Amino acid sequence: MPPGLNGHAGRADAASSKTSNHERVQVIDDEKQFTTELTSQIQHWGLRDVGFDYDIVAVFGSQSTGKSTLLNRLFGTSFDVMDEARRQQTTKGIWMCKGKDMNVMVMDVEGTDGRERGEDQDFERKSALFSLASSEVLLVNMWEHQVGLYNGANMGLLKTVFEVNLGIFGKSANQRTLLLFVIRDHTGHTPLANLQATLAADMQRLWDSISKPPELQDRQLSDYFDLDFATLPHKILVPEKFEAEIQQLRKRFSDKSRSDCVFKPAYHKGIPADGVAFYMEGVWEQVQSNKDLDLPTQQELLAQFRCDEIATAALSEFNEQAKPQRRPIEAGKVVDGLGGMMRAWRSGALTRYDRDASRYHKGVYKRKRDDLLAVLDSTLSPLFQGQLKNLAKQSLVAFKRDILNGLKGDSYDFAEIVGAARKKCEASFLEGAKEALVEDTDWSYEEDASLLSEEVQLVADQCRKDETKKMVNVIERNFKRQVAEPVEVYLGKAAPTMWDDILKTFKSTLAKAESSYLSKAQSFNCTEEENTTALASIRKRTWVVLRAKIDEQTSDTAFLTKLRSHFEERFRYDEAGVPRVWRPEDDIDGAFKKAKDETLDLIPRYSKIKPVDPANNYTIDSGSVDLASGDDEFDFASTLIIFTDIKAIDLSNRFRKDADAYYVEAKRSTVSSVAQ
Ligand code: GDP
Ligand code: MG
């Protein structure tokens with residue numbers, strides 16, 4: 001049987017005790033190694049999340065003075081007790097149990113009696129350091145007959161405790177520890193008061209005897225320790241009394257409402273329960289390597305480690321929450337209520353972090369909180385930016401749709417439609433952007449809002465241009481209708497003032513077209529430049545319309561028909577409009593020549609747009625033509641020519657042939673009438 005498994009009844013069923021609430025953990029084993037299981041054990045005990053709401057107790061005293069027995073009776077723990085029959089050693093090291101029905105971590109030290117063996121004073125000192133760095137109460141266990149033995153083993157231990165304490169807490173005078181002397185096998189012959197006085201005097205002597213660093217020369221025992229005393233009767237001789245007094249003493253540990261409760265806030269070492277394992281391990285490492293135990297550094301290291309752990313846990317939950325929204329945002333969707341969600345995830349993570357981490361070193365806690373916040377915000381920021389981008393896109397699409405819908409009707413006010421759509425678009429963007437904003441960040445949506453305004457303006461401008469084009473087309477169509485008939489009439493009559501009349505009609509119709517454009521353009525908020533362009537376009541296109549009408553009326557066939565009918569009117573009808581019947585004595589040749597010459601005279605009149613009165617001239621200056629459109633070159637001067645000289649000769653030749661035919665027909669008709 002290994003030494004640790006001697007015949008103590010409490011250990012007989014070690015396997016089942018593993019699962020009970022009284023499980024032990026060997027914090028430091030006989031190889032002086034720190035356990036890897038303390039964290040899980042603390043969690044298993046249900047102490048992990050209690051914050052500062054727990055206490056730690058350790059015990060000192062020579063070997064086999066009933067320390068483990070005392071602890072087991074007081075706290076319901078299951079530390080090894082030496083087997084009376086075999087006097088066998090228990091396993092060396094430091095053990096920990098949780099007090100039954102109380103948030104107390106109890107530490108028991110097992111070791112050979114270093115004083116006697118000489119070999120293990122080192123372990124004794126190290127375990128003293130270790131216990132002091134974390135415990136609120138040190139139970140100093142001794143037999144009644146050891147009281148007053150100033151040179152006994154106990155005094156050596158206590159001297160160690162005092163020295164070690166100066167090393168650890170020397171400068172921080174607000175860190176106190178309770179030394180609770182438990183005097184065992186108290187017979188009652190010497191009252192507690194006397195024992196107490198003896199011990200107190202011994203402690204004072206001991207304190208005075210230890211060597212203190214110069215800066216701590218004046219420090220008193222009472223600056224660091226409170227002393228308290230208790231007695232217990234003989235366990236074997238008066239077991240019932242022993243048990244009854246143990247139960248009384250237990251109340252001082254379990255009932256915090258009692259005024260004589262041993263746990264006072266001033267004794268707490270300020271390590272949150274979830275950090276105890278890491279802290280103790282750090283303390284042990286330093287103790288092991290014989291470094292000065294620098295508790296502030298240990299506490300800061302602990303804070304860094306735990307704050308990181310807590311932040312990581314908070315962050316991973318946060319990431320789980322944020323992750324599902326990343327894809328829709330990247331896919332261009334506007335996620336409804338994103339801002340609310342982001343605020344909830346963010347404050348959730350911070351609340352979790354604050355709850356657990358704020359118990360640690362304030363500076364570290366704050367620094368790590370800033371780090372955490374930076375990571376949270378850097379995760380949320382792309383979501384915010386994406387949401388803004390998607391909002392802007394969505395608002396712009398809605399803007400375009402609203403305008404198109406508005407322009408579907410027959411009568412509408414373009415400027416009003418654009419204005420209302422713009423208002424709606426910008427309002428919906430702002431509403432979404434404000435929702436997505438998270439307070440206490442340097443985020444803003446102003447830039448996106450102004451970019452959206454610019455895009456809206458571009459779309460509005462394009463729509464206005466399209467709308468203006470549409471309007472110019474309508475104006476052109478109306479113009480065409482209005483000038484068609486007068487031009488036909490004037491060109492048909494071929495009066496000497498034909499061009500004057502046509503140009504006057506053109507100008508007055510154009511003036512109407514221009515003013516109709518301007519009156520509408522005003523409500524569109526068209527720019528000066530757009531108006532100039534549109535008017536130039538109107539001027540050019542109406543001129544082209546006029547010219548097309550003239551071309552239609554002066555095509556070869558149409559023109560020859562006109563000449564023919566002109567000639568006929570003069571040759572085949574008399575001045576009264578009565579058809580002529582040619583007689584032989586009639587001057588057919590003279591009449592033919594007159595009619596023909598008069599008709600031929602018309603050809604140059606048609607060949608060029610040239611009013612008689614120069615005031616009726618019309619021109620388009622080439623600069624404005626360039627504005628009108630980029631299409632084929634438009635040379636106004638050339639549009640004044642209806643047909644060229646060569647074309648005029650060709651037309652007159654063709655007309656002559658027609659006229660000759662009339663002449664022959666006239667001649668024939670006289671011959672036939674003579675023949676009758
Ligand atoms: P430890 O080595 O200080 O932890 O002492 P243990 O608790 O293992 O006890 C050592 C021996 O002392 C055991 O045989 C116990 O039965 C015995 N013992 C425990 N408590 C008392 C007590 O109050 N009085 C006496 N006389 N013996 C005790
Ligand atoms: Mg023991």
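Remember, predicted model here, so these are calculated numbers, not experimental data. Counting starts at 1 for both ligands and their atoms, following the listed order.
D226 and Y267 share a donor-acceptor pair across their side chains, judged by distance under 3.5 Å alone. Side-chain atoms of T187 and E144 include a donor-acceptor pair closer than 3.5 Å. With hydrogens and angles left out, the side-chain atoms of Q204 and D208 include a donor and acceptor closer than 3.5 Å. Judged by distance alone, the side chains of Y224 and R219 do bring a donor and an acceptor atom under 3.5 Å apart.
Residue-to-ligand polar distances place R184 within reach of ligand 1: an N/O pair is separated by less than 3.5 Å. Looking at ligand 1, you'll find an N or O of S64 within less than 3.5 Å of one of its N or O atoms. The shortest N or O to N or O distance between S68 and ligand 1 is under 3.5 Å. Inclusion of F242 in the set of residues having an N or O under 3.5 Å from an N or O of ligand 1 is not warranted.
Using a cutoff of 4.0 Å between basic side-chain nitrogens and carboxylate oxygens, R346 and D377 are scored as salt-bridged. Of the charged side-chain nitrogens involved, at least one lies within less than 4.0 Å of a carboxylate oxygen, so that E435 and R343 count as a salt-bridged pair. For E309 and R306, the salt-bridge test passes: some basic side-chain N is under 4.0 Å from an acidic carboxylate O. In summary, R24 and D108 do not engage in a salt bridge, as defined by a charged side-chain N under 4.0 Å from a carboxylate O.
Neither the backbone nor the side chain of F79 comes within 4.0 Å of ligand 1, counting heavy atoms alone. Using a 4.0 Å cut-off between heavy atoms, D185 contacts ligand 1 through its side chain alone, with no backbone atom that close.
Residue T69: no N/O/S atom is found under 2.8 Å from the Mg ion (ligand 2). Residue D80: no N/O/S atom is found under 2.8 Å from the Mg ion (ligand 2).
In E110, the N, O or S atom that comes nearest to the Mg ion (ligand 2) is OE2.
Near K235, with a cut-off below 4.0 Å to any heavy atom, the atoms of ligand 1 are 19 (C), 20 (N), 21 (C), 22 (C), 23 (O), 24 (N). Atoms of ligand 1 found under 4.0 Å from any heavy atom of T65 (numbered from 1 in listed order, with element): 1 (P), 3 (O), 5 (O).
Among T69, I236, V238, the residue whose heavy atom lies closest to atom 6 (P) of ligand 1 is T69.
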